[in-house]
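First up is the structure itself, then whatever we jot down about it.
Index from 1, following the sequence. Values below: all heavy atoms of this structure, side chains included; hydrogens, waters and symmetry mates excluded. As the structure lists them, so they are numbered: ligands from 1, and atoms in each ligand from 1.
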Amino acid sequence: MTVTVLLGAPGSGKGTQAKRLTTDESFVHLSTGDVLRSAIKAGTALGKQAQVSMDRGELVADTTMIGLIGETMETLPKRTTRILLDGFPRTLPQAEALSKTAATPVDKAIFFKVPEKELIRRLTGRRVCGNCGASFHLVSLPPKKENTCDSCGGPLKQRPDDSEAVVLKRLEIFSSQNSQLLDFYRQQGKLVEIDADQPVAELQASLLKILR
Ligand code: AP5
């Protein structure tokens, strides 16, 4: 099993791309944000603990996240050959912990580069289905029927952490951690930077070239 880490600011398109790429059976998308949101929905102790930080746009504690990623990886199908890891690592201690786990060698860390103004536009306009989790954008990817999911007919909502004030906080925290992470993977010769300010389909084609 190989791990490809997707690095990038909130709203840089990591989730959108990883979900599209998992139509290819050799990729499994593992999003720590999705795992945490499922825990919140299920009302678990982890969910209750994580919700406070997430709603404020802050990071969940490293020890919690390192434990969670280890447990989640153990539940993946044995035939998994490549994991697209989205949202982890987000700090240097998380990257170091991942590199010490022999079962999860990182082959590449792909950094999605997008200007901040575009990130704010994408995040504040994002709407997600409360039922199946499908993601839309009010302007770039509007649903066919207002406030209704195209896939399952569920209601579309704004994520609590996508309000402008919380988005600015998330971007500030991202900036404070990101250069250390980039340096960590650059020093190992694993960092690949990609212009992610391009249409979804074109970005997917560029990513596939890097992944194959
Ligand atoms: P998480 O869910 O991981 O949020 P994030 O990293 O902030 O990422 P997003 O989902 O907001 O952005 P994305 O890059 O996936 O963009 P997307 O494809 O959706 O984490 C949430 C919280 O959980 C964190 O704040 C933290 O509290 C906690 N957490 C998670 N992991 C943690 C960890 N390891 N350590 C500590 N805490 C952790 O796209 C966004 C929008 O843009 C969509 O509307 C989409 O339609 C649109 N869009 C996408 N691509 C394009 C494009 N190419 N052109 C135009 N629009 C586009």
Next item on the list: Indicate whether the side chain of Ser140 and that of Arg121 have a donor and an acceptor atom separated by less than 3.5 Å.
Entry: yes
Item checked: Closest to atom 39 (O) of ligand 1 among Leu203, Leu119, Thr16 (heavy-atom distance) -> Thr16
Next item on the list: Can you pull out the closest protein heavy atom to atom 4 (O) of ligand 1? Residue, atom name and distance to 0.1 Å, please.
Entry: Arg159 NH2, 3.3 Å
Checklist line | Salt-bridge present (Asp107, Arg82; N to O < 4.0 Å) | finding: yes
Notebook entry, point to check: Hey, is ligand 1 close enough to Phe136 that some N/O pair sits below 3.5 Å?
Noted result: yes
Checklist line | Residue-ligand contact Arg37/ligand 1, heavy atom below 4.0 Å | finding: yes
Notebook entry, point to check: Among all protein non-hydrogen atoms, which one is nearest to atom 16 (O) of ligand 1, and what is the separation to 0.1 Å?
Noted result: Gly13 N, 3.3 Å
Note to self: Could you check whether any side-chain heavy atom of Leu6 comes within less than 4.5 Å of a side-chain heavy atom of Phe111, counting everything from C-beta outward?
What the structure shows: no
Margin query: Are any of the N/O atoms on Ser31, whether in the backbone or the side chain, positioned under 3.5 angstrom from an N/O atom of ligand 1?
Written below: no
Notebook entry, point to check: Which atoms of ligand 1 are found less than 4.0 Å from any heavy atom of Gly33?
Noted result: 1 (P), 2 (O), 3 (O), 20 (O), 30 (C)
Next item on the list: Heavy-atom contacts with Met65 under 4.0 Å: which atoms of ligand 1 show up? List them by number with element.
Entry: 31 (N), 32 (C), 33 (C), 34 (N), 35 (N), 36 (C)
Checklist line | Minimum-distance protein heavy atom relative to atom 20 (O) of ligand 1 | finding: Arg90 NH2, 3.5 Å
Check: Who gets closest to atom 27 (O) of ligand 1 by heavy atom: Glu58, Arg126, His137, Lys169?
Finding: Glu58
Item checked: Approximate separation, where rounding is to 0.5 Å, of Asp195 CG and Leu203 CG -> 8.0 Å
Margin query: Ignoring hydrogens, what is the shortest heavy-atom contact between Ala50 and Leu36? Give both atom names and the distance.
Written below: CB-CD2, 3.9 Å
Check: Tell me: protein heavy atom nearest atom 37 (N) of ligand 1, and distance?
Finding: Val60 N, 3.0 Å
Notebook entry, point to check: Nearest to atom 8 (O) of ligand 1, what protein heavy atom do you find, and at what distance?
Noted result: Lys14 NZ, 3.6 Å
Next item on the list: State whether the shortest distance between N or O atoms of Asp162 and N or O atoms of ligand 1 falls below 3.5 angstrom.
Entry: no
Notebook entry, point to check: Which distance, rounded to the nearest 0.5 Å, do you find between the CG of Leu119 and the CG of Leu168?
Noted result: 11.0 Å
Margin query: Just to be sure I'm reading this right: ignoring hydrogens, which of Gln51, Gln94, Arg122 gets closest to atom 55 (C) of ligand 1? Compare them by their nearest heavy atoms.
Written below: Arg122
Notebook entry, point to check: Does an N or O from Arg170, backbone or side chain, lie closer than 3.5 Å to an N or O of ligand 1?
Noted result: yes
Margin query: Whether Glu193 and Arg186 form a salt bridge (side-chain N of Lys/Arg under 4.0 Å from carboxylate O of Asp/Glu) is what I want to check.
Written below: yes
Notebook entry, point to check: Has ligand 1 got any nitrogen or oxygen that is less than 3.5 angstrom from a nitrogen or oxygen of Leu59?
Noted result: no
Note to self: I need the atoms of ligand 1 closer than 4.0 Å to a non-hydrogen atom of Leu123, numbered in the order shown.
What the structure shows: 11 (O)
Check: Does Lys19 pair with Asp34 as a salt bridge, N-O distance under 4.0 Å?
Finding: yes
Next item on the list: Would you name the heavy atoms of Thr22 and Phe27 that are closest together and state the gap between them?
Entry: CG2-O, 3.5 Å
Notebook entry, point to check: Of all heavy-atom pairs between Pro10 and Leu171, which one has the smallest distance, and what is that distance?
Noted result: CD-CD2, 3.9 Å
Notebook entry, point to check: Are Arg126 and Ser135 close enough that a side-chain donor and a side-chain acceptor fall under 3.5 Å?
Noted result: no
Item checked: Proximity flag Arg127 to ligand 1, non-hydrogen atoms under 4.0 Å -> no
Margin query: When you measure from the heavy atoms of Ala9 to every atom of ligand 1, does any distance fall below 4.0 Å?
Written below: yes
Notebook entry, point to check: Do you know which of Gln17, Lys14, His29 makes side chain to side chain donor-acceptor pair (under 3.5 Å) with Asp86?
Noted result: His29
Note to self: Please report whether ligand 1 has a polar contact with Gly87, defined as an N or O pair separated by less than 3.5 Å (distance criterion only).
What the structure shows: yes
Between side-chain atoms of residues 94-102 and protein atoms elsewhere (two or more places apart, or another chain), which donor-acceptor pairs fall under 3.5 Å?
{"unit_1": "Gln94", "atom_1": "OE1", "unit_2": "Arg90", "atom_2": "N", "d": "2.8"}
{"unit_1": "Gln94", "atom_1": "NE2", "unit_2": "Asp62", "atom_2": "OD1", "d": "2.9"}
{"unit_1": "Ser99", "atom_1": "OG", "unit_2": "Glu96", "atom_2": "O", "d": "2.8"}
{"unit_1": "Thr101", "atom_1": "OG1", "unit_2": "Ala97", "atom_2": "O", "d": "3.1"}

Next item on the list: Could you tell me whether some N/O pair between Asp86 and ligand 1 is separated by less than 3.5 angstrom?
Entry: no
Checklist line | Sub-4.0 Å heavy-atom approach of Gln198 to ligand 1 | finding: yes
Checklist line | Proximal ligand 1 atoms for Val200, defined as those under 4.0 Å from one of its heavy atoms | finding: 50 (N), 51 (C), 52 (C), 53 (N)
Check: Is Gly11 in polar range of ligand 1, meaning some N or O pair under 3.5 Å apart?
Finding: yes
Next item on the list: Nearest 0.5 Å please: distance from the OG1 atom of Thr81 over to the CG atom of Leu76.
Entry: 11.0 Å
Note to self: How far is atom 22 (C) of ligand 1 from the closest protein heavy atom, and which atom is that?
What the structure shows: Met54 CE, 3.8 Å
Next item on the list: May I ask you to check if ligand 1 and Leu141 share an N or O to N or O distance below 3.5 Å?
Entry: no
Check: Roughly how far apart are Asp161 CG and Gln158 CD, rounded to 0.5 Å?
Finding: 9.0 Å
Note to self: So for Ser12, does at least one of its heavy atoms come nearer than 4.0 angstrom to any atom of ligand 1?
What the structure shows: yes
Next item on the list: Any atoms of ligand 1 less than 4.0 Å from a non-hydrogen atom of Thr32? List them with their elements.
Entry: 30 (C), 31 (N), 32 (C), 34 (N)
Item checked: Distance-only N or O hit between ligand 1 and Gly15, under 3.5 Å -> yes
Next item on the list: Working to the nearest 0.5 Å, report the span between CG of Leu84 and CG of Leu30.
Entry: 9.5 Å
Next item on the list: Find out whether Cys149 and Pro155 are in side-chain contact, i.e. whether some heavy atom of one side chain is under 4.5 Å from a heavy atom of the other.
Entry: no
Checklist line | Ligand-side contact atoms (ligand 1) for residue partner Leu36, heavy atom cut-off under 4.0 Å | finding: 23 (O), 28 (C), 29 (N), 30 (C)
